[in-house]
Student: 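Starting off with a structure, shown below.
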Number of protein chains: 2
Amino acid sequence: MTYSIGDVVKKTGLSAYTLRYYEKEGLLPFVKKNASGVRAYSDEDLRWLTMIECLKDSGLQIKEIRQYIEWFNEGDSTLAQRLSLFENRRKILEKEMARLTVVMNKIRYKELLYREAVRVGNLDIATNERRFQHLKKKLFESPDDFDK
Amino acid sequence: MTYSIGDVVKKTGLSAYTLRYYEKEGLLPFVKKNASGVRAYSDEDLRWLTMIECLKDSGLQIKEIRQYIEWFNEGDSTLAQRLSLFENRRKILEKEMARLTVVMNKIRYKELLYREAVRVGNLDIATNERRFQHLKKKLFESPDDFDK
DNA sequence: ATAACACCTAGAGTTTACTCTAGGTGTTGA
DNA sequence: TCAACACCTAGAGTAAACTCTAGGTGTTAT
């Protein structure tokens, strides 16, 4: 079973431009073409696109994904490099999630504060209400840096 | 108390280039300059930089941050717009965290799998071990899309 | 007084990941 | 047969967020 580029656009949501670009960047080294140059994607190619999406979502750049694919195609001699890539990614994702949690708290504080400010029609009044002062102290190291 | 651009570089970790760029983009509308054009940042400006960092970390683009700052400076007539901005951000951050959780599971699976593959020296053997087949089924909708 | 240093502006250059254009090929239904 | 359609390549263009260069000003330590 093979698929035209139009089929793959429908299946993946990627544009045809992007699919050709990925190929040019070495992310799909085994896509077949017929005599007149028209691409025929295999199920294997589609699985690679799934993996590429995952690696992209994890924050890898395209050249890093290409490196991974090269390692994969070199076989078991590159297992250690690939393990190391996934370890680093996991650590980076952990940091990223911790960072997002901190940001989320700040944004949620702002959302609550502005909900109250809209209710009373005045930001300063809301900011000085005891429960927001309290919340701010609980959430931030330097609370007054956060009144902008 | 005021600070030179060099002081602010040390305090924030931003480059002087970036600080001037932010100013050019309207993120620091009130930085004072002396007669010969040298910047003197106030504590208020530093608080704005803290807020800008938070908004950037939440995923806002620079032009959106400028919009927020403009709204802030217009006063209480823009409370509703600012509330709406924070609501949207909170929703986007929730989605982002959910997305990262999914990616994290996949990367952790890969890390475990490759740790075992390195141990036995062969990726296929590790992939076919019962516990990894089991883990894969538990984690993914289309498990075989994930063997790349 | 002169060299080092920190700062300035305007504008050009960089990086990443696309996105599009121009000009062309091959297939197919009326 | 001929128009519509899907596809092709090479290369140019875009957006965002910096980052740097060139050429200049003002201050300070020796």
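The structure displayed is predicted, hence computed values, not measured ones. Quick note on labels: first sequence line is chain A, next is B, and so on, each numbered from 1.
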Student: Between Trp48(B) and Tyr22(B), does the ring centre distance come in under 6.0 Å?
Tutor: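 Centroid separation for Trp48(B) and Tyr22(B): 6.0 Å or greater.
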Student: Heavy atom of residues 42-64 of chain A under 4.0 Å from DNA chain C: which residues?
Tutor: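 Result for residues 42-64 of chain A: Lys56(A), Gln61(A), Ile62(A), Lys63(A), sorted by number.
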Student: Under 4.0 Å between a side-chain nitrogen and a carboxylate oxygen: does that hold for Arg20(A) and Glu23(A)?
Tutor: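 No, this pair does not count.
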Student: What parts of residues 12-39 of chain A reach DNA chain C, counting only heavy atoms under 4.0 Å away?
Tutor: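 Output list: Tyr17(A), Thr18(A), Tyr21(A), Tyr22(A), Ser36(A).
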Student: Taking it one step at a time, do Asp147(B) and Arg47(A) satisfy salt bridge (charged side-chain N to carboxylate O under 4.0 Å, His left out)?
Tutor: CA-CA 8 Å; Asp147(B) 286 337; Arg47(A) 281 191 286 275; over 6 Å; no
Student: Between Ser4(A) and dC7(D), does any side-chain N or O lie under 4.0 Å from OP1 or OP2?
Tutor: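 It does, given that an N or O in the side chain of Ser4(A) lies less than 4.0 Å from OP1 or OP2 of dC7(D).
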Student: Walk me through whether Glu53(B) and Lys56(B) qualify under salt bridge (charged side-chain N to carboxylate O under 4.0 Å, His left out).
Tutor: CA-CA 5 Å; Glu53(B) 190 198 352; Lys56(B) 252 174 57 64; over 6 Å; no
Student: Look only at the side chain of Asp45(B) and the backbone of Ser42(B), and say whether a donor-acceptor pair between them is shorter than 3.5 Å.
Tutor: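 Yes.
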Student: Are the side chain of Ser84(B) and the backbone of Ala80(B) linked by a donor-acceptor contact shorter than 3.5 Å?
Tutor: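 Not confirmed, Ser84(B) side chain does not pair with Ala80(B) backbone.
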Student: Which residues pass the side chain to side chain donor-acceptor pair (under 3.5 Å) test with Glu116(B), sequence neighbours left out?
Tutor: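 With sequence neighbours excluded, Glu116(B) shows a side chain to side chain donor-acceptor pair (under 3.5 Å) to Arg119(B), Arg131(B), given in chain and number order.
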Student: For the residue pair Tyr109(B) and Phe86(A), is the inter-centroid distance of their aromatic rings smaller than 6.0 Å?
Tutor: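 Here the rings of Phe86(A) and Tyr109(B) have centres that are no less than 6.0 Å from each other.
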Student: Whole angstroms only, please: what is the CD1-C1' distance between Ile5(B) and dT19(D)?
Tutor: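 Spelled out: CD1 on Ile5(B) to C1' on dT19(D) is 13 Å.
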